[in-house]
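Contents: one structure, followed by commentary.
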Amino acid sequence: MMVGIVPDGVGGGWCAPLSDTGRPAGASWHAADLAGAVAEVERRDRPRWVWPSTAAIYPPLLRAGVRVERCHDIELTEALLLGYVGRWGEPRGLAAAAARLVGRPVPPDLPARQAAPPGDAQGALFETALVEDSAADSASLQELIEVYADQRARLAEVAEPGRFRLLVATESASALAAGEMGHHGLPWRVDVHTELLRDLLGEPSPVGGPPRRLAELTAAIGAALGDERLHPESPAEVVRAFTRVGISLPSTRAWVLRGIDHPAVPLLLEFKELYRIWTAHGWAWRDQWIHNGRFRAEYVPAGVVSGRWASRGGGALQIPRVIRRAVVADPGWVFVVADAGQLEPRILAAVSGDERLAAAGASGDLYAALATDAFDGDRAKAKVAMLGAMYGQTGGNAIPALAALRQFYPVAWELVEQAARTGEEGGAVRSWLGRTSPVPREPPQDGASARARGRFTRNFVVQATAAEWANTLLATLRGLIRDYEAELVFFQHDEVLVHCPAGGADDVVTAVHEAGERARALLFGETPVRFPLGVSTVECYADAK
DNA sequence: ATCGTTCGCCAC
DNA sequence: AAACGTGGCGAACGAT
């Protein structure tokens, strides 16, 4: 069964039982305490909740101690359906979808809520969950029911309805997982982080300026370039300083500097690395984002055009490797860290149906298999060629390798080439499950933008399908560990962290492998391609793999 | 002073 | 080796 709900903005909400076809299946009612009502119905019936926005509704439910198993997220589904018919980016909220349905002017979506406030401020339940406007009332419940029925009808009309329904289910389940992950937060040891900063950066400045090690490097770089007042964090100043010593630089990017023979270069490279840590993950970041031993970021499922997650606040998906030393499990607990290796080329093998590439994808090391097939055993060359084909590389010494790839894996090659051609002509491409790339307002006007568009669509078909596999794994894993004492605490494109008591880790490891296998079967059915997971059980994230 | 853009690094 | 896909973010930059 299903239950449609719309919050009333003051802690309650309207609820409507729905049949399996989405039609009203009984009288609707108003609950003064929406969280309480959801908890009770969830315990009794475990329905699929049909609601306007998981991002708006689920966090306050979680704060009230309520979890749900399944939902249908109207706004995420609406975005997928709009994209499918070439209307990517149009307002996707319930109010917009309802307005489109009856031909009323379509209101814009409300701007996204600010990133989760630091600290433990709870706020009133549902104070931010008011989905469309302050006049939300029982009419919104009627709109919800009508929009849901309409979405079901549109889902039935796509070319591959079974796949698209899986996409919608996975997207909605991802949103639940994202809410729970944001709610749990990533275990984070402030003391370890602080010690790490001191080791890397030296004493913090008592007046708020750069820490000691950065100050020393600044002085050394200035001396090496003959300018005591040089600011190494300023690209313009660094370029000018090199010009004065007879070296012209197109930019101060690290890879450019690495090609320069000058005593200031190693100092600058070290400065850049440490400066980045200081500004992006230093003491200020620590004080803003770590509270009560957790890093609580806000995750945004489908926040990336390809369907990958994005995050708001704290750079949750860009935690530098050295900083992961501070990610430590609670006493007596561990992390089960699972990482899908070589995911994107395996996805290409499964999607394209290229028999020879699929055979390579059946191996534990796809690149090694490619190397044996087509690159005289040169694994590095095979990897560069594969990445070049998926990203649209056109230059450099990957070109001969790309030719070998084309010759040995013509079916896979043609799939990404066709995707690129479609993009160059201003067209849209789709992922395996039907996520559709946005199209530019007008076709590319010149060769450079056409090629850029081609690289985007070329990569989209692989990256978006990889995201679907990973989201499906996550959603499946979430279900498998539902009754365990375990929490999902991190998910980064092809990697997932489960925090659990040490004694339960073996069960979680089993569940992770099972989830990967189910994701493979759900998406691709019979395929020789494997999606092996590197799984480790560790107390510290930095020790994974 | 303020705001939008660019640079450059982090992650995958 | 070379600079090719998706992002977030913070500081510098530069226009207003």
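What you see below is based on every heavy atom in this structure, not just the backbone, and it leaves out hydrogens, waters and symmetry mates.
Regarding A/W285, its CH2 atom lies at a distance of 13 Å from the C1' atom of C/dG8, rounded to whole Å. Taking atom CG on A/L249 and atom P on B/dG8, their separation rounds to 10 Å, with Å as the unit. To the nearest angstrom, P of C/dC9 lies 10 Å from NE2 of A/H281. Atom-to-atom, CD of A/E237 to C1' of B/dG8 comes out at 16 Å; the value is rounded to the nearest Å. Here the P atom of nucleotide C/dG7 and the CZ atom of A/F456 are 7 Å apart, to the nearest Å. Following rounding to the nearest Å, A/Y275 (OH) and B/dC7 (C1') show an atom-to-atom distance of 12 Å. Rounded to whole Å, the distance from CG on A/N459 to C1' on C/dC4 is 9 Å. With rounding to whole Å, A/W309 atom CH2 is found 15 Å from C/dG7 atom C1'.
For the residue pair A/R286 and A/T194, a side-chain donor N or O sits within less than 3.5 Å of a side-chain acceptor on the partner. Side-chain contact of A/Q418 with A/T422: a donor-acceptor pair under 3.5 Å is present, judged by distance alone. Looking only at atom types and distance, the side chain of A/T54 has a donor-acceptor partner in the side chain of A/D73 under 3.5 Å away.
In this pair, A/Y275 and A/F271 present their aromatic rings parallel. The plane angle is below 30°, not in the 30 to 60° band.
For A/D191, the CG atom sits in a packed shell: over 12 heavy atoms of surrounding residues, nucleotides or ligands are nearer than 6.0 Å. Environment of CD in A/E180: crowded, with over 12 heavy atoms of neighbouring residues, nucleotides or ligands closer than 6.0 Å.
Here A/R455 does not reach the OP1 or OP2 of C/dC4: none of its side-chain N or O atoms lies under 4.0 Å away. Regarding contacts with the backbone of C/dC13, a side-chain N or O of A/S234 is found under 4.0 angstrom from either OP1 or OP2. Look at A/T252 and you won't find any side-chain N or O under 4.0 angstrom from OP1 or OP2 of B/dC7.
In this structure, the ring of A/W469 has its center no less than 6.0 angstrom from the ring center of A/F524. Taking the six-membered ring for Trp and the full ring otherwise, the centers of A/Y84 and A/F164 sit less than 6.0 Å from each other.
With both pairing distances under 3.5 Å, C/dA3 is matched to nothing as a Watson-Crick or G-U wobble pair. With both pairing distances under 3.5 Å, B/dC7 is matched to C/dG10 as a Watson-Crick or G-U wobble pair.
A residue-by-residue look at A/R258 and A/T279 shows that A/R258 has its nearest nucleotide of DNA chain C further toward the 5' end. Ranked by how close their nearest DNA chain C nucleotide is to the 5' end, A/G314 and A/V384 are led by A/V384.
Using a 4.0 Å heavy-atom cutoff across all strands shown, A/A236 reaches sugar-phosphate atoms only and no base atom. A/A254 comes within 4.0 angstrom of sugar-phosphate atoms only, judged by non-hydrogen atoms across all strands, and of no base.
Residue A/A310 has its side chain nearest to C/dG8 when only C/dT6, B/dG8, C/dG8 are considered.
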All N/O pairs under 3.5 Å across the protein-nucleotides 10-12 of chain B interface:
| from | atom 1 | to | atom 2 | distance (Å) |
| --- | --- | --- | --- | --- |
| B/dC10 | O4' | A/R276 | NE | 3.1 |
| B/dC10 | O4' | A/R276 | NH2 | 3.0 |
| B/dC10 | O2 | A/Q318 | NE2 | 3.4 |
| B/dA11 | OP1 | A/R321 | N | 3.0 |
| B/dA11 | O3' | A/R324 | NH2 | 3.0 |
| B/dC12 | OP1 | A/R321 | NH2 | 3.2 |
| B/dC12 | OP1 | A/R324 | NH1 | 3.4 |
| B/dC12 | OP1 | A/R324 | NH2 | 3.2 |
| B/dC12 | O3' | A/D494 | OD1 | 2.5 |
| B/dC12 | O3' | A/D494 | OD2 | 2.8 |
| B/dC12 | O2 | A/R308 | NH1 | 2.8 |
| B/dC12 | O2 | A/R308 | NH2 | 3.3 |

